[in-house]
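Below, chain A is the first sequence line, B the second, and so on; all start at residue 1. Remember, predicted model here, so these are calculated numbers, not experimental data.
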Amino acid sequence: SQQGEEDPQALSIQEGENATMNCSYKTSINNLQWYRQNSGRGLVHLILIRSNEREKHSGRLRVTLDTSKKSSSLLITASRAADTASYFCATEDRGSTLGRLYFGRGTQLTVWP
Amino acid sequence: ETGVTQTPRHLVMGMTNKKSLKCEQHLGHNAMYWYKQSAKKPLELMFVYSLEERVENNSVPSRFSPECPNSSHLFLHLHTLQPEDSALYLCASSPSASGGRNIQYFGAGTRLSVL
């Protein structure tokens with residue numbers, strides 16, 4: 001399968017704590033993206049990291065990419081109850097002409113007030 | 001709002017019905033996608049349209065029939081569905097379907113239940 005795999009499947013933390021989610025994949029990639037999905041809604045793009053980048057920040061989000069291990073992590077700092085959602089990684093294969101994205105099953109994050 | 005609108009939000013249909021899902025994007029994008037999201041499964045890409053031409057059909061059963069009349073609208077026509085087709089159907093768009101920086105914008109989805 002070319003899909004990414006997120007780990008853990010579910011994560012439950014208190015407000016103010018940091019949340020770390022991991023993604024592993026199997027192919028060579030152009031980029032890796034993280035998306036967020038609130039229950040029963042569509043996915044929202046959070047951040048894209050290119051294969052030649054190792055770390056990227058956006059607000060409270062920090063993404064790392066290790067192409068030698070074919071893995072990525074998403075860190076949400078100082079989490080809030082509103083961060084409760086499912087988080088998906090998606091990869092775009094190197095040399096892709098269609099820009100097809102391969103999504104994982106996601107990590108369900110619950111942040112308790 | 002992401003600029004991608006899907007209707008209806010919820011749909012219940014019998015196995016012999018014919019219905020259509022509609023997607024409209026207001027972002028000026030050239031590529032549109034249909035995905036199926038079932039519980040505990042990765043998002044499944046069904047169809048890709050680039051500049052109104054279908055460029056990928058991911059082994060989807062013929063009971064699902066897409067239509068892209070222009071770059072802003074995408075339909076998914078449904079007929080003779082099975083209960084296992086019950087899922088959240090998501091539409092997405094992106095500036096182009098070419099690789100390199102393909103960020104996709106999703107609609108809120110249509111929750112389909114087949115009885």
Visitor: Going from OH on B/Y33 to CZ on A/R100, what distance comes out if it is rounded to the nearest 0.5 angstrom?
Guide: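 Atom-to-atom, B/Y33:OH and A/R100:CZ are 11.0 Å apart.
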
Visitor: If you group Ile, Leu, Val, Met, Phe, Trp and Tyr by side-chain heavy-atom gaps below 4.5 Å, do B/V114 and B/L90 land in one group?
Guide: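 Not linked; separate clusters.
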
Visitor: Sorted by first residue and then second, give each ring pair (Phe, Tyr, Trp, His ring centres under 6.0 Å) pair with at least one member in residues 73-95 of chain A; sequence neighbours left out.
Guide: none

Visitor: With clusters defined by side-chain heavy atoms of hydrophobic residues (ILVMFWY) lying less than 4.5 Å apart, directly or transitively, does A/I76 cluster with A/I13?
Guide: yes

Visitor: Among A/L101, A/I47, A/L48, A/N31, find the residue that satisfies the side-chain contact (heavy atoms from CB on, under 4.5 Å) test when tested with B/I103.
Guide: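 Output: one option passes, namely A/L48.
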
Visitor: Please check if A/L75 and A/V63 belong to a single hydrophobic cluster, counting links between Ile, Leu, Val, Met, Phe, Trp and Tyr side chain heavy atoms closer than 4.5 Å.
Guide: no

Visitor: If hydrophobic clusters are built from ILVMFWY residues whose side chains come within less than 4.5 Å, do B/V48 and B/W34 share one?
Guide: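 In one cluster with B/V48: B/W34, no.
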
Visitor: Are B/V60 and B/L88 linked, directly or through intermediate hydrophobic residues, by side-chain heavy-atom contacts shorter than 4.5 Å (ILVMFWY only)?
Guide: no

Visitor: Could you please state which residues from residues 7-25 of chain B sit under 4.5 angstrom from chain A, measuring non-hydrogen atom to non-hydrogen atom, sorted by number, or 'none'?
Guide: B/R9

Visitor: Measure from the side-chain N and O atoms of B/Q104 to the backbone N and O of A/V44, and report whether any donor-acceptor pair falls under 3.5 Å.
Guide: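 Such a contact is absent between B/Q104 side chain and A/V44 backbone.
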
Visitor: Is it true that B/Q37 and A/Q37 share a donor-acceptor pair across their side chains at a distance under 3.5 Å?
Guide: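 Yes, a side-chain donor-acceptor pair sits under 3.5 Å.
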
Visitor: Hey, what do you get for OH (B/Y35) to CZ (A/F103), rounding to the nearest 0.5 Å?
Guide: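 Spacing of OH (B/Y35) from CZ (A/F103) equals 4.5 Å.
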
Visitor: Taking the side chain as every heavy atom from C-beta outward, state whether A/L43 and B/L43 have any atom pair closer than 4.5 Å.
Guide: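 Of all side-chain heavy-atom pairs linking B/L43 with A/L43, at least one is under 4.5 Å.
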
Visitor: Is it the case that more than 12 heavy atoms not belonging to B/R63 sit under 6.0 Å from its CZ atom?
Guide: yes

Visitor: Can you measure from NE2 (A/H45) to CZ (B/F106) and round to the nearest 0.5 angstrom?
Guide: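 With rounding to 0.5 Å, NE2 (A/H45) is 10.5 Å from CZ (B/F106).
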
Visitor: Assess whether atom CD of A/Q9 is packed by more than 12 heavy atoms of other residues, nucleotides or ligands within 6.0 Å.
Guide: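 Check fails, neighbour count at 12 or below.
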
